[in-house]
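To start, the structure under review is shown below, and the notes come after it.
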Amino acid sequence: MTVTSTPAPIALITGASRGLGAAIARDLAPTYDLLLGARSADSLTPILDELPGATGWPVPLTDYPAVAEAAARIERLDVLVHNAGIADLGTVAESSLDQWRNTLEVNLIAVAELTRLLLPALRAANGHVVLINSGAGLRANAGWGSYAASKFGLRAFADALRLEEPQLRVTSVFPGRIDTDMQQAIVAEEGREYRPEEFLTAETVARAVRNAVDTPRDAHPTEIVLRPR
């Protein structure tokens with residue numbers, strides 16, 4: 001009797017070098033073959049040392065020819081986690097044209113383009129797209145205009161993708177503030193003392209992502225909202 005093993009499912013996580021992306025990678029590592037995305041190979045060294053079974057996918061997501069070349073090598077993809085993003089804060093009066101362009105480029109346009117390029121691979125696996133959104137994607141606050149606009153747009157993109165690609169599952173995750181290096185920079189910009197206990201842990205949000213992709217196929221987890229206690 002010949003026993004054949006089933007290949008492990010494949011997951012691509014963008015922004016996987018640290019913070020939430022690295023936490024998601026750790027949670028998925030036991031049962032997925034991982035492609036870990038980041039802007040540079042050097043930035044991926046620590047997480048790849050920690051997860052030697054994973055493969056680096058160092059591609060700047062706004063370098064669209066490079067993204068197209070890298071995506072073309074992926075024939076099948078079970079899970080795509082869009083985690084990479086930027087938060088450049090400022091009031092509407094203070095913000096610049098470049099700030100708006102950069103924020104929308106990274107947080108929305110690059111996400112749409114990478115998804116478009118990977119649709120054949122996702123369709124081949126009846127895959128799952130997870131978009132790490134934000135509480136700012138549900139309600140905009142003063143000083144967060146460009147960031148909130150990008151996240152509201154990301155929510156609309158998820159809704160459209162869900163309708164246009166019914167064989168895929170599409171989940172938007174809306175976490176509140178997370179204890180990460182990015183959060184420390186934001187709080188410093190706000191001029192406040194940083195208190196980690198005020199925020200969600202990256203591991204908690206990663207577990208929510210894991211729960212979404214593990215949900216049996218008869219259900220479609222469309223939106224997950226998490227808030228710090």
Side-chain angles (χ1 to χ4, degrees), residues 13-24 37-40 42-43 58-67 81-116 130-161 171-202 204-206 208-209 223-229:
I13 305 164
T14 68
S17 62
R18 59 194 178 99
L20 177 57
I24 295 170
R39 283 176 289 183
S40 69
D42 288 346
S43 66
V59 185
L61 295 178
T62 56
D63 183 344
Y64 298 118
V67 170
V81 181
H82 286 291
N83 172 70
I86 60 172
D88 192 357
L89 307 185
T91 65
V92 172
E94 296 167 342
S95 55
S96 67
L97 180 60
D98 283 344
Q99 177 184 329
W100 281 87
R101 282 178 171 161
N102 292 339
T103 303
L104 291 167
E105 187 82 35
V106 174
N107 292 355
L108 179 58
I109 297 171
V111 170
E113 177 63 1
L114 178 58
T115 305
R116 184 187 71 82
V130 179
L131 300 111
I132 304 299
N133 202 295
S134 166
L138 297 172
R139 184 182 66 186
N141 292 317
W144 293 69
S146 61
Y147 181 74
S150 71
K151 293 300 188 177
F152 268 73
L154 190 64
R155 182 185 185 187
F157 171 73
D159 291 345
L161 181 66
T171 302
S172 288
V173 182
F174 298 90
R177 292 190 173 198
I178 307 169
D179 178 22
T180 62
D181 292 345
M182 179 186 288
Q183 194 63 238
Q184 292 182 35
I186 290 171
V187 172
E189 189 173 338
E190 292 172 335
R192 299 190 295 113
E193 180 183 355
Y194 190 79
R195 298 179 181 275
E197 65 274 12
E198 294 179 358
F199 309 115
L200 294 163
T201 68
T204 293
V205 182
V209 172
E223 294 187 346
I224 299 171
V225 180
L226 300 172
R227 291 288 178 269
R229 290 189 62 183

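All values below come from the heavy atoms of this structure, side chains included, with hydrogens, waters and symmetry mates left out. Sequence positions, counted from 1, serve as the residue numbers for this chain.
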Heavy-atom closest contact ([X] atom, [Y] atom, distance):
X	Y	answer
F152	A136	CE1-O, 3.2 Å
T171	I224	CG2-CD1, 4.0 Å
A140	A148	CB-CB, 3.6 Å
T115	V111	OG1-O, 2.8 Å
R227	F174	NH1-O, 3.3 Å
A158	L131	CB-CD1, 3.6 Å

Could you grab the distance from atom [atom1] of [X] to atom [atom2] of [Y], nearest 0.5 Å is fine?
X	Y	atom1	atom2	answer
R39	T62	CZ	OG1	9.0 Å
W100	L97	CH2	CG	10.5 Å
L161	R116	CG	CZ	13.0 Å
S96	D88	OG	CG	7.0 Å

If only atom types and distance count, is the side chain of [X] paired as donor or acceptor with the main-chain N or O of [Y] below 3.5 Å?
X	Y	value
T14	A84	yes
N83	I13	no
N107	I86	yes

Kindly indicate whether the side chain of [X], heavy atoms from C-beta on, has any atom under 4.5 Å from the side chain of [Y].
X	Y	answer
L89	W144	yes
I109	Y64	yes
I132	V209	yes
E223	N133	no
V173	V130	yes

(request) Please lay out, stage by stage, how L226 and L200 fare under the test side chain to side chain contact (heavy atoms under 4.5 Å, CB included). (result) CA-CA 8 Å; L226 300 172; L200 294 163; 4.1 Å; yes
(message) Side chains of S146 and Q99 only: does a donor on one sit below 3.5 Å from an acceptor on the other?
(response) yes
